[in-house]
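Structure first, then comments.
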Amino acid sequence: MSQLLANLNPEQLQAVTLPPQHALILAGAGSGKTRVLTTRIAWLIQSGQVDPSGILAVTFTNKAAKEMLARLGAMLPISPRGMWVGTFHGLCNRLLRAHHRDAGLPQLFQILDSADQLAAIKRLLKTLNVDDEKFPPRELQHFINGQKEAGNRPHAVEAWDDFTKQRVQLYQEYEAQCQRESVVDFAELLLRTYELLERNEPIRRHYQRRFRHILVDEFQDTNRLQYRWLKLLAADGAEGGAALLCVGDDDQSIYRFRGAEVGNMRDFEREFQVKNVIRLEQNYRSYSNILDAANAIIRFNTHRLGKNLWTDQGAGEPIRIFEAYADSDEARWIVEEIQGLVRDGRSRAEIALLYRSNAQSRVLEHRLFSAGIPYRVYGGLRFFERQEIKHALAYLRLIANPDDDTAFARVVNFPTRGIGARSIEVLQDAARTYNTSLYATVPHLTGKAGTALGQFLRMIEDLRRDTGPLTLPELIDHVLDRSGLRDHYKSEKEGSERLENLDELLNAAANFVAEQQAGAPGADPADPGEHRQLADFLAHASLEAGDHQADQGADAVQLMTVHSSKGLEFDVVFLSGLEEGLFPHENSILEAEGLEEERRLMYVAVTRARERLYLSFAQSRMLHGQTRYNLRSRFLEEIPAGLTKWLSPPSPRAALGGATGGAGGAYFTSSAKPAATQREPRPAFASLPGGLRIGQNVSHAKFGQGVIVAAEGGGSDARVQVNFGSAGMKWLLLAVAKLDPA
DNA sequence: CCGATGACTGTTTTT
DNA sequence: CAGTCATCGG
């Protein structure tokens with residue numbers, strides 16, 4: 001016990017040993033948040049205050065859940081079995097499987113990931129003959145998810161105008177379709193569980209009594225519905241409610257776009273009359289130069305709960321800043337720098353390359369690849385999202401649940417078997433009249449379409465029957481053969497990688513089975529013969545995108561978006577693409593709220609670094625197939641000059657209509673020296689009249705500072721397009737507009 | 001009904 | 001640029 005609490009600082013100790021009351025822990029980056037959370041659980045159990053089964057711990061990602069279980073396993077002599085640890089979605093899935101009847105679902109319901117959901121919506125619009133120009137599927141998806149997160153079923157949505165009314169109508173149709181097909185999307189997992197607990201008193205009471213301590217990680221990223229869900233579970237039951245301990249950092253809230261409500265932190269404090277608010281502000285991760293930069297940046301945000309990170313580790317190295325001509329130059333420079341670091345004995349796994357959006361990884365990957373540096377990309381298209389895997393899963397889904405029309409539509413003609421659009425249309429019309437799933441409709445059909453479809457149906461039925469006694473990997477192997485998927489990819493010229501992935505699916509299944517057996521044999525007694533294990537595997541595939549990327553063990557440079565870097569830390573961090581429009585992203589720049597979220601994202605990125613931080617940007621960048629010229633990010637200007645060291649001489653930056661500009665606006669530091677590696681500016685851009693060129697900074701009397709991004713015409717008709725930052729993008733006639741080189 | 005070809009269009013971040 | 005979608009000729 002004393003060992004458990006050793007080496008905690010006073011605030012951490014206080015948090016770990018709080019009495020069983022509600023508490024809010026404001027935990028800054030690198031302040032030992034995860035440690036506090038796990039130690040708290042271990043302490044509660046070890047001191048006999050609670051049985052493991054009385055613990056409910058909610059994490060943000062599956063990875064975090066796994067890590068927490070692993071740490072607990074190492075801390076506790078007893079197995080952490082009986083505890084519920086997982087993501088909101090994972091826990092809801094578990095609850096719905098256990099109480100599927102009360103929730104109005106078949107036991108083997110399927111889970112739609114975002115892409116499946118979008119496909120389902122498109123299919124719905126098609127069958128209803130709705131104009132998808134007027135109701136863009138993506139927008140409709142957003143609308144539906146938003147309503148679900150607000151707890152609104154279609155009848156509860158307030159709709160005054162026609163447009164909203166129609167969308168509500170579609171929402172309703174979508175729900176009916178999902179129910180018919182026994183599928184559940186992400187938001188539905190949460191809402192369905194919430195309604196189950198709310199309406200079913202015995203079940204609610206059962207869990208309210210069971211869970212004595214509810215611990216929530218990354219609380220700043222919970223959405224409204226998740227918060228209500230927590231309130232319901234922690235509400236005062238007969239025995240008094242659970243103690244709710246929420247850990248979060250409002251400065252690291254980066255999922256507003258997905259419905260996260262930082263406001264939950266304030267609401268929690270108020271509604272639960274939280275007496276215990278503890279701030280963890282000592283950072284054990286980074287040197288103070290890095291921390292001071294992060295603090296300086298985040299100070300530009302308003303509406304913070306307030307918190308200041310500090311460290312006693314000393315200043316450390318200055319933050320290195322590099323300006324490149326083009327994105328390819330930026331990538332080349334990063335790779336050269338990495339080679340130097342590796343020569344100096346650094347391990348590649350301790351070097352991270354962060355970027356704002358996934359598209360940016362291509363250039364970096366390209367350079368790394370040609371330099372022969374092992375690297376690993378997180379995120380991007382994940383294993384279970386690859387098309388060959390989705391196809392295989394669709395067959396599996398049909399075995400588990402033939403009414404899954406999304407799965408049916410996906411593979412009914414893949415590999416092609418002579419069932420074309422016309423047949424599908426006939427089938428869909430029939431399904432609508434009989435009000436049955438596509439699968440169940442097939443026997444009703446006669447004629448040509450009926451025969452081909454009948455053959456498909458028989459194949460699926462054979463699969464269902466033949467696979468009953470097989471183990472999961474055997475089952476999948478059988479399906480890959482019988483469906484023709486394997487043959488299809490064998491004959492495809494670029495199919496070898498896909499074949500490998502299909503084999504990898506077998507491995508994933510084998511691992512899944514092994515883990516399940518090792519994990520909790522007593523959790524839910526698997527009913528044999530019902531393909532129960534298959535359903536569990538499919539849920540696993542939907543909920544956990546799967547880290548089946550490159551070799552985990554290899555010493556490889558780590559590439560990921562800033563979002564997926566949250567919670568991780570590295571000795572060396574490169575943050576690339578620090579340009580206006582990219583980071584902060586152009587879609588977020590106009591809204592104050594959006595910009596603040598970008599800044600929090602920047603804060604997250606900076607605080608990932610332990611020892612060394614590189615920030616870089618490029619004057620020009622390929623995006624959407626064309627070259628764009630961006631100003632350097634305002635976030636760079638927000639870092640006090642004394643903390644930085646420019647590796648390239650900074651060029652003057654066009655001002656941004658005054659929104660920022662703190663930090664004194666001084667770009668040079670005393671230690672800045674012209675980099676020896678600086679190349680001559682390349683004559684990359686054609687000259688324009690008046691000695692101007694594309695990419696050049698200019699000033700205009702009315703619009704202020706800007707940069708030339710394009711030109712057209714000639715002679716007296718010559719025009720240039722200038723990006724004036726917050727003053728907008730303008731086309732100017734050179735003969736008329738007075739532009740001075742800046 | 002199938003596959004190929006070309007136009008178009010869009011991208012932030014993810015459980 | 002790259003993935004999706006529509007159109008066209010077999």
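Residue numbers begin at 1 in each chain, while the letters A, B, ... track the order of the sequences. Hydrogens, waters and symmetry mates are skipped; everything else that's a heavy atom, side chains included, is used.
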Quiz item: Taking the six-membered ring of A/Tyr378, is NZ or CZ of A/Arg376 closer than 6.0 Å to its centre and within 45° of its axis?
Solution: yes

Practice problem: Let me know the distance between CG of A/Asp221 and P of B/dT13, rounded to the nearest Å. | Solution: 16 Å

Quiz item: Under 4.0 Å between a side-chain N/O of A/Asn358 and OP1 or OP2 of B/dT14, yes or no?
Solution: yes

Quiz item: NA contact type, A/Asn413, heavy-atom cut-off 4.0 Å: base, sugar-phosphate, or nothing?
Solution: sugar-phosphate

Exercise. Can you sort out which residues in residues 582-591 of chain A have a heavy atom within less than 4.0 Å of DNA chain B? Ascending by number, please.
Key: A/His585, A/Asn587, A/Ser588

Self-check item: Among B/dG3, B/dT14, B/dT15, the nucleotide that comes nearest once only the side chain of A/Thr416 is considered
Solution: B/dG3

Exercise. Measure from the side-chain heavy atoms of A/Arg258 and tell me the nearest of B/dT15, B/dT13, B/dC2.
Key: B/dT15

Practice problem: Specify the residue among A/Ile424 and A/Phe60 whose closest nucleotide of DNA chain B lies further upstream toward the 5′ end. | Solution: A/Ile424

Quiz item: Would you say the side chain of A/Thr61 and the base of B/dT14 hold a donor-acceptor pair, judged only by whether the two atoms sit under 3.5 Å apart?
Solution: no

Quiz item: Under 6.0 Å between ring centres, would you say that holds for A/His99 and A/Tyr207?
Solution: yes

Quiz item: Looking for any heavy atom pair under 4.0 Å, which part of the strands does A/Lys122 touch: base, sugar-phosphate only, or nothing?
Solution: sugar-phosphate

Self-check item: Distance in angstrom units between A/Tyr378 OH and B/dT14 P, rounded
Solution: 14 Å

Practice problem: Under 4.0 Å from any heavy atom of chain A: name the first and the last nucleotide of DNA chain C that qualifies, 5' to 3'. | Solution: C/dC1 to C/dC5

Practice problem: Using a strict 4.0 Å threshold on nitrogen-to-oxygen distance, state whether A/Glu596 and A/Arg256 make a salt bridge. | Solution: no

Quiz item: Is A/Tyr255 touching bases, backbone alone, or none of the nucleic acid, heavy atoms closer than 4.0 Å?
Solution: sugar-phosphate

Quiz prompt | Whole-Å distance separating the CZ atom of A/Phe257 from the C1' atom of B/dT11 | solution = 13 Å

Quiz item: Nearest of B/dT11, B/dT13, B/dT15 to any side-chain atom of A/Arg138?
Solution: B/dT11

Quiz item: What about A/His563 and A/Phe257, are their ring centers closer than 6.0 Å?
Solution: yes

Quiz item: So which nucleotide from B/dT15, B/dT13, B/dC1 ends up closest to the side chain of A/Ser423?
Solution: B/dC1

Quiz item: Start at the 5' end of DNA chain B and walk down; is the nucleotide closest to A/Ser564 or to A/Arg417 reached first?
Solution: A/Arg417

Practice problem: Only counting residues at least two apart or in another chain, list the ones meeting salt bridge (Lys or Arg N to Asp or Glu O under 4.0 Å) with A/Arg71. | Solution: A/Glu67

Practice problem: Take the protein atom NE2 of A/His142 and the nucleotide atom C1' of B/dT11, then report the distance between them rounded to whole Å. | Solution: 16 Å

Quiz item: Got a sec, which residues hit salt bridge (Lys or Arg N to Asp or Glu O under 4.0 Å) with A/Asp267, two or more places apart in sequence or on another chain?
Solution: A/Arg270

Practice problem: Tell me, please, which residues at least two apart from A/Glu188 pass salt bridge (Lys or Arg N to Asp or Glu O under 4.0 Å). | Solution: A/Lys148, A/Arg153, A/Arg192

Exercise. Can you sort out the partners of A/Arg97 under salt bridge (Lys or Arg N to Asp or Glu O under 4.0 Å), two or more places apart, ordered by chain and number?
Key: none

Exercise. Give me the one residue out of A/Leu91, A/Val216, A/Leu230 that meets side-chain contact (heavy atoms from CB on, under 4.5 Å) with A/Leu56.
Key: A/Leu91

